[in-house]
Amino acid sequence: SIFIKGNKMKEKISNNPYDANQQLIFRNSTTSSPTIIIKIIYDNEKLINENKEMIEIINITKNCTAIKDHSFENYSSLQSIEIPTTITRIGSYSFSNCTSLRNITIPESIKELGDHSFENCSSLQSFKIPKTVSKLGNYSFSCCSSLQKIEISESVITIGVGTFSKCSSLNEITIPSKITELKDST
């Protein structure tokens, strides 16, 4: 499910929500006429959303197993995302430049956070790394200027280059005792 600013989008019109032009069609809850909200384009298996600056909330379906590289990059209005326990990896740049992202819960199924995965999420204030994650990718939280607290589980053994660079509000971080590699400029 994807919800748009102003709660414009409420329910799918049919079991096949796509029309011939690959436009996701939803019915506006206040009127009976269909409203085309999101145009979807597939380019070499990459989903391109022309209206990504309008999306505030994303719920990923349970049949997904990974969030691919660049999946939600530059979704500037995205405030919250719910990740199901079927996801095992958050790819590089997945949420990079999601400047309105405030709430994200990372399930215990996640094993790795890719490079730049949450870079420049300037509204993110706290983050808890689940005990299943062993590696934080390079620059994974860099430029998260509102990030004040991060909880890193004991399972993390590698913290990449620049992982917390330019996190100007970060005032609480606990480095696990099992860290075997803490890269320069972290």
Side-chain angles (χ1 to χ4, degrees), residues 1-7 47 49 51-61 64-176 179 181-186:
S1 298
I2 299 173
F3 301 90
I4 300 295
K5 274 185 183 177
N7 294 322
L47 176 71
N49 184 343
N51 297 317
K52 63 184 171 186
E53 70 279 352
M54 295 177 63
I55 296 174
E56 292 181 345
I57 299 169
I58 294 175
N59 291 321
I60 299 171
T61 60
C64 293
T65 58
I67 298 175
K68 293 185 177 187
D69 298 349
H70 304 276
S71 291
F72 302 105
E73 183 178 18
N74 298 317
Y75 278 51
S76 59
S77 293
L78 181 62
Q79 296 175 14
S80 180
I81 185 160
E82 185 177 319
I83 299 175
T85 56
T86 55
I87 302 289
T88 59
R89 181 177 187 280
I90 296 178
S92 297
Y93 296 92
S94 289
F95 299 99
S96 180
N97 297 312
C98 290
T99 55
S100 298
L101 184 63
R102 288 181 266 160
N103 300 312
I104 186 163
T105 302
I106 304 295
E108 293 291 328
S109 58
I110 300 293
K111 295 180 174 85
E112 179 185 345
L113 298 179
D115 296 342
H116 305 268
S117 51
F118 294 95
E119 181 179 41
N120 198 32
C121 289
S122 54
S123 296
L124 195 61
Q125 294 182 350
S126 65
F127 199 92
K128 183 177 179 179
I129 310 291
K131 62 185 175 187
T132 51
V133 174
S134 61
K135 177 187 176 190
L136 301 181
N138 298 329
Y139 303 98
S140 51
F141 294 97
S142 70
C143 301
C144 290
S145 57
S146 296
L147 187 63
Q148 298 173 15
K149 178 182 179 181
I150 188 151
E151 295 178 45
I152 303 174
S153 68
E154 285 293 324
S155 62
V156 174
I157 56 174
T158 302
I159 297 178
V161 173
T163 299
F164 304 109
S165 65
K166 300 182 183 177
C167 290
S168 55
S169 298
L170 189 60
N171 57 33
E172 187 177 335
I173 185 170
T174 304
I175 306 292
I179 291 287
E181 192 171 5
L182 186 61
K183 307 247 177 142
D184 289 342
S185 301
T186 298

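Nothing here was measured: the structure is a model prediction, and the numbers come from that model.
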Side-chain heavy atoms of Ile129 within contact of Ile106, under 4.5 Å: no
NZ-CD1 distance between Lys135 and Ile159, expressed to the nearest 0.5 angstrom: 12.5 Å
Nearest-0.5 Å distance, CD1 of residue Ile157 to CG of residue Leu136: 10.5 Å
Result block: side-chain N/O donor-acceptor pairs under 3.5 angstrom for residues 140-148, not counting sequence neighbours:
{"residue": "Ser140", "atom": "OG", "partner": "Gly137", "partner atom": "O", "Å": "3.0"}
{"residue": "Ser142", "atom": "OG", "partner": "Glu119", "partner atom": "OE2", "Å": "3.1"}
{"residue": "Ser142", "atom": "OG", "partner": "Tyr139", "partner atom": "O", "Å": "3.4"}
{"residue": "Ser146", "atom": "OG", "partner": "Ser122", "partner atom": "O", "Å": "2.6"}

Rounded distance (nearest 0.5 Å) linking atom CD1 of Ile81 with atom CZ of Arg102: 14.5 Å
Point-to-point distance, once rounded to the nearest 0.5 Å, from CG of Leu170 to CD1 of Ile150: 7.0 Å
Side chain to side chain donor-acceptor pair (under 3.5 Å) partners for Asn103, two or more places apart: none
Distance-minimising heavy-atom pair for Asn97 and Glu73: ND2-OE2, 4.4 Å
Ser123 side chain to Leu101 backbone, donor-acceptor under 3.5 Å: no
Tell me which donor-acceptor pairs under 3.5 Å the side chains of residues 108-115 have, and how far apart each pair is, sequence neighbours excluded?
{"residue": "Glu108", "atom": "OE1", "partner": "Lys131", "partner atom": "N", "Å": "3.3"}
{"residue": "Ser109", "atom": "OG", "partner": "Thr85", "partner atom": "O", "Å": "2.8"}
{"residue": "Ser109", "atom": "OG", "partner": "Ile87", "partner atom": "O", "Å": "2.5"}
{"residue": "Asp115", "atom": "OD1", "partner": "Asn138", "partner atom": "N", "Å": "2.8"}

Any donor-acceptor N/O pair, Ser100 side chain to Ser76 backbone, under 3.5 Å: yes
Closest non-hydrogen atom pair between Ser153 and Val133, with its separation: OG-O, 4.2 Å
Phe118: which of Phe127, Phe164, Phe72, Tyr93 passes ring-ring contact (aromatic ring centres under 6.0 Å, His included): Phe127
Phe95 vs Leu124 side-chain heavy atoms within contact, under 4.5 Å: no
Over all atoms of both residues, closest heavy-atom pair of Ile152 and Thr174: CB-O, 3.6 Å
Euclidean distance, Glu154 CD relative to Ile175 CD1, rounded to 0.5 Å: 10.5 Å
4.5 Å side-chain heavy-atom contact, Thr105 and Ile83: no
Nearest heavy atoms of Thr132 and Ser155, plus distance in Å: N-OG, 3.9 Å
Rounded distance (nearest 0.5 Å) linking atom NZ of Lys128 with atom CD of Glu151: 5.5 Å
Heavy-atom pair with the smallest gap, counting every atom of Arg89 and Gly91: NH1-CA, 2.9 Å
